[in-house]
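So the structure is just underneath, and the comments pick up after that.
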Amino acid sequence: MNITFPDGSTKEYNSGITGLEIAESISPRLAKEVLSVTVNGDLHDLRFPITCDATVILHKWEDAEGKKAFWHSSSHLMAEALQELYPKIKFGIGPSIDMGFYYDVDSPTPITEADLAKIEAKMLELARTGETFVRKDVTKAQAMDTYTKKGDEYKLDLIGGLEDGTISFYTNGSFTDLCRGPHIQSTDIIKAIKLTSVAGAYWRGDEKNKMLTRIYGITFPKKSLLDEYLTMLEEAKLRDHRKLGKELELFHFSARVGQGLPLWLPKGAALRERLENFLKNVQKSYGYEQVITPHIGMKDLYVTSGHYAKYGADSFQPIHTPAEGEEFLLKPMNCPHHCEIYKAKPRSYRDLPIRFAEFGTVYRYEQSGELHGLTRVRGFTQDDAHLFVRPDQLKDEFKKVIDIVLYIFKTLDFKEFNAQISLRDKVNRDKYIGTDENWEKAENAIIEASAEKGLNTVVEYGEAAFYGPKLDFMVRDAIGRKWQLGTIQVDYNLPERFELTYTGADDKQHRPIMIHRAPFGSMERFVAVLLEHTAGRFPLWLTPEQAVILPISEKFNDYADSVAKKLNILSVRCSVDSRNEKIGRKIRDNEIKRIPFLLIVGENEAGEGTISVRKQGDGDKGAMTPEAFAKFIDDLVKTEIKPIE
RNA sequence: GCCGAUGUAGCUCAGUUGGUCAGAGCAGCUGAUUUGUAAUCAGCAGGUCGUGGGUUCGACUCCCUCUAUCGGCUCCA
């Protein structure tokens, strides 16, 4: 029997050998380190006999598959510890996740964060005994029987959803669990354990079900890896946009204004304005026209669009005029307004594509528990645009929008993002409006355009908007949470509902197709993610303050003011730190404020008409005239914003 | 909305078993200093201890309500 390895080499083994034995035959060290094994593309138990020629991959910690097995096994170890500490506990599911694992449990005794240290200690104690993970295959009926006797409704629910056939149990120490595996060979390679948090989670993710307690944890094969991880988490917290937003005085929340309603402070407003102008310029070059629409619209507008039926009950309640009692809704999206602009006059096929852009502020009632800094708010501004196109223009226009998103990401140095194609749920179709035919056309347009643009995409079913499929651009925040930024959506439905038409070359009326798109997603979320990516060190073209002039003493404040005037005229954003403080103090304070350039002026500079330039994190740059410095800044900004290709 | 945790001055945080515990540093203000590349010195002022109830002779401390925030779940036009 031949076993082939990933490097292409082949070795002969006796039939029935296991992955673990193969590792042992290669080296005792590998046998210690191997965490899981892939046989012919499928994950297998390390003790699973291999009986025919196969390709085998032995996974160590360095592999994602190795980590998965390690963390999944750790969740079983935690379950064992929990069972010993809380004998009446029942278990839901306990998978590995991106970083670590969790287990959902139903315990009559509440488990809180205060209990985590105790559970950790128990886990370590059990891990050291070197328990193996022993697999036992049973029939579905036997499995049902086992859990019926135990009175475990969660496991019974899980088994009920499985197909008939073999079901596997894994046992480590005193704990046996329904589990597909695979697992690591022994618990004694789990050397470092940190239970990170407890949280509530609905059974099977359905809010109608009971809420279980979810315990999150992470484990490592070495103590030093845990320390590194904890350090990394600490550093990530320093980049949290909520912390930086406060420190850099960008935005503020007030309970009296209302939760989820950000107040933009002067520096934040300046930053946001610059981002908006940047995008406006890009859009102008792509033929977009700016429009402006009101913050409210009559209820009927949203009844027509279909949004009222879908979200009306879960929205801010209607606003009424005092005399007539007319109902208005706080604008939750801009598309219906833009449809009405399209309808303002007859459109010809020659006019299309028509591209209406607006930085449109919208209000959505998000559940209170869902609010999160600037990334999930109740009032926010979309960098919205709606493109009205002919069918023959759809794919090209979609590709141009992808170009815009990629250009923006490149300019702002977002290297790591995921492009996600969000399609309809395969089964549950009544969540959506529109005909199957149009949905298929829309979905195909997105899939083809993305492929032709060479985008590396993942497809997610059930993630589409209720009126159409989307291409979403996802990025992660400082601690790895995923957020959607840019979105591009194809919509056949709103044009139908608003009876949008254009006159074709055949002199007949035709239906345009709509593309909804927002490359930033929203100004709020984009700024939040940008803050976390840059740790508050914005590119020069964006940063609220590019330079601060630091007079050596108050004697030079007048000279500093004259330099500031000169630089402001030359479009350098700078101010004067005229406080009566020592130069060291001024440097420190302004470094902390992340001002890119510090301009020091004293007797020498005032005499020569120059400024001494100090760059953040890069030290002394020498003296130059204000004019030379302005040119220097201008050149740097030009390297940051590259022309559109 | 649900589960859990937290809420002390503008910010970051101390406050022992309920009894001079309302504090510190930074920021602010005043004065002195007039400074050459990451914190000059001194003084002053700042808080119904998130809100509203309750228990108690007495509550920042214990209990309940509400509210906001944080970690998740659900949701996300």
Side-chain angles (χ1 to χ4, degrees), chain A residues 102 104 110-115 196-216 237 240 242-243 246-247 249 252-256 258-260 302 305-312 314-315 331-336 362-373 375-378 380 382 384 433 463-468 470 472 479 481 483-484 487 489 491 494 516 518 521-522 525 550-557 579-592 598-605 612-614 616-617 619-621:
Chain A
Y102 66 78
D104 284 348
I111 299 171
T112 68
E113 277 175 38
D115 302 313
T196 44
S197 65
V198 291
Y202 298 109
W203 170 239
R204 285 183 171 269
D206 188 333
E207 62 182 325
K208 291 187 200 83
N209 289 341
K210 181 168 181 182
M211 183 160 265
L212 306 181
T213 303
R214 177 168 295 180
I215 306 174
Y216 284 92
K237 273 189 202 151
D240 189 312
R242 293 166 294 194
K243 181 179 159 67
K246 201 179 268 181
E247 283 173 10
E249 297 181 3
H252 175 71
F253 285 94
S254 151
R256 308 184 72 165
Q259 56 177 180
Y302 306 101
S305 71
H307 288 102
Y308 190 81
K310 181 87 178 164
Y311 297 105
D314 300 321
S315 294
K331 179 166 80 175
M333 79 289 302
N334 304 297
C335 13
V362 296
Y363 300 90
R364 296 179 183 175
Y365 172 77
E366 305 288 2
Q367 297 186 109
S368 58
E370 249 313 327
L371 299 171
H372 182 99
T375 49
R376 191 82 185 268
V377 287
R378 285 179 168 174
F380 57 99
Q382 296 178 308
D384 212 355
I433 58 170
E463 292 292 309
F466 75 98
Y467 51 75
K470 312 188 282 177
D472 292 326
I479 62 168
R481 287 176 291 216
W483 296 97
Q484 177 206 306
T487 180
Q489 312 173 0
D491 182 2
L494 280 191
H516 309 241
S522 79
R525 187 175 287 179
L550 313 180
I552 292 288
S553 80
E554 286 184 325
K555 282 189 241 165
F556 307 104
N557 279 357
R579 292 176 303 161
N580 177 10
E581 292 290 351
K582 287 187 169 178
I583 192 68
R585 176 54 179 269
K586 292 186 186 181
I587 287 172
R588 179 185 151 80
D589 289 350
N590 287 289
E591 289 268 358
I592 287 168
L598 305 182
L599 312 177
I600 292 147
V601 295
E603 196 171 351
N604 304 336
E605 290 80 5
S612 287
V613 178
R614 183 191 155 105
Q616 168 91 263
D620 203 349
K621 289 288 182 193

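Among the protein residues, A:Tyr216 comes within range of the sugar-phosphate backbone only, with heavy atoms under 4.0 Å from sugar or phosphate atoms but none that close to a base. Nucleic acid contact class of A:Glu247 (heavy atoms, under 4.0 Å, all strands): none. Among the protein residues, A:Gln382 comes within range of no part of the nucleic acid, since none of its heavy atoms lies under 4.0 Å from any strand. Counting non-hydrogen atoms under 4.0 angstrom, A:Gly205 reaches the backbone sugars and phosphates but no base. Note on A:Arg614: a base of the nucleic acid sits closer than 4.0 angstrom, heavy atoms only. Among the atoms of the strands shown, base atoms are found under 4.0 Å from some heavy atom of A:Asn604. Heavy atoms of A:Ala199 sit under 4.0 angstrom from at least one base atom. A:Gly584 comes within 4.0 angstrom of the backbone, heavy atoms only, and of no base. Residue A:Tyr102 is classed as having no contact, given no heavy-atom separation below 4.0 Å to the nucleic acid. Using a 4.0 Å heavy-atom distance criterion, A:Ile600 is classed as a base contact. As judged by a 4.0 angstrom heavy-atom cut-off over every strand, A:Glu591 is placed among the base-contacting residues. Among the heavy atoms of the strands, none lies under 4.0 Å from A:Gln484. Across all strands, A:Ser305 comes closer than 4.0 Å to no nucleic acid atom at all (heavy-atom distances). Within the nucleic acid shown, A:Ser368 comes within 4.0 Å of at least one base atom, counting heavy atoms only.
Under the stacking criterion of a centre-to-centre distance below 5.5 angstrom and an interplanar angle below 30°, A:Tyr311 sits stacked against the six-membered ring of B:A77.
In terms of phosphate contacts, A:His372 brings a side-chain nitrogen or oxygen within less than 4.0 Å of OP1 or OP2 of B:G71. OP1 or OP2 of B:G71 has at least one side-chain nitrogen or oxygen of A:Arg481 nearer than 4.0 Å. A:Arg579 has no side-chain polar atom (N or O) that falls below the 4.0 Å cut-off from OP1 or OP2 of B:U34. Look at A:Gln367 and you won't find any side-chain N or O under 4.0 angstrom from OP1 or OP2 of B:C75. For the pair A:Arg242 and B:C70, the criterion of a side-chain N or O lying under 4.0 Å from OP1 or OP2 is met. For the OP1/OP2 pair of B:U12 and a distance below 4.0 Å, the side-chain nitrogens and oxygens of A:Lys246 include at least one atom meeting the criterion.
Across the strands present, B:C75 finds no partner; the criterion is a Watson-Crick or G-U wobble pair with both atom distances under 3.5 angstrom. The partner of B:A5 is B:U69, judged by Watson-Crick or G-U wobble contacts that both fall below 3.5 Å. Across all strands shown, B:U20 forms no Watson-Crick or G-U wobble pair with both key distances under 3.5 Å. With a cut-off of 3.5 Å on both Watson-Crick or G-U wobble distances, the partner of B:C11 is given as B:G25. Nucleotide B:U40 is matched to B:A32 when pairs are restricted to Watson-Crick or G-U wobble geometry with both distances under 3.5 angstrom. In this structure B:G52 sits in a base pair with B:C64, meeting the Watson-Crick or G-U test at under 3.5 Å.
A donor and an acceptor atom sit less than 3.5 Å apart, one in the side chain of A:Arg376 and one in the base of B:C76. Taking 3.5 Å as the limit, the base of B:G1 and the side chain of A:Glu366 contain no donor-acceptor pair of atoms between them. Residue-to-nucleotide contacts include a donor-acceptor pair under 3.5 Å from the side chain of A:Tyr202 to the base of B:G1.
Here the side chain of A:Ala255 is nearest to one of B:G36, B:G72, B:A68, namely B:A68. In the set B:U34, B:G1, B:C3, the nucleotide with an atom closest to the side chain of A:Ser553 is B:U34. Side-chain proximity of A:Lys582 to B:G36, B:U40, B:G71: nearest is B:U40. For A:Arg214, the side-chain atoms get nearest to B:C73 when compared with the rest of B:A77, B:A38, B:C73. Taking only side-chain atoms of A:Ile587, from C-beta outward, the nucleotide of B:U37, B:G36, B:G1 with the closest atom is B:U37. Closest to the side chain of A:Val198, from the set B:U69, B:G4, B:U37, is B:G4.
Atom name C1', nucleotides B:G47 and B:C2: the rounded distance is 34 Å, in whole Å. Rounded to whole Å, the P atom of B:U48 lies 14 Å from the corresponding atom of B:C11. Taking the C1' atom of each, B:C44 and B:U6 are spaced 33 Å apart, rounded to whole Å. Distance noted for atom C1' between B:C41 and B:U20: 31 Å (whole Å). If you take atom P in B:U12 and the same atom in B:U69, they sit 15 Å apart, rounded to whole Å. Between B:G23 and B:A14, the two C1' atoms lie 7 Å apart (nearest whole Å). One C1' atom belongs to B:U16, the other to B:C57, and the distance between them is 22 Å to the nearest Å. Separation of the C1' atoms belonging to B:G50 and B:U61 is 16 Å when rounded to the nearest angstrom.
With A:Asp115 contributing its side chain and A:Thr112 its backbone, the two residues share a donor-acceptor pair below 3.5 Å. Between the side chain of A:Lys470 and the backbone N or O of A:Ala465, no donor-acceptor pair lies under 3.5 Å. Side-chain N or O atoms of A:Arg214 include none that pairs as donor or acceptor with a backbone N or O of A:Ala199 at under 3.5 Å.
A:Glu603 CD: 12 or fewer foreign heavy atoms inside a 6.0 Å radius.
The glycosidic torsion of B:G46 lies within 90° of 0, which places this base in the syn conformation.
Residue-to-nucleotide proximity on RNA chain B shows that, of A:Lys555 and A:Ile111, the 5′-proximal contact is made by A:Ile111.
No option in A:Phe466, A:Tyr365, A:Tyr302 other than A:Phe466 meets the ring-ring contact (aromatic ring centres under 6.0 Å, His included) test with A:Tyr311.
Heavy atoms only, all atoms of each residue included: A:Pro336 and A:His307 are closest at CG-ND1, 4.3 Å.
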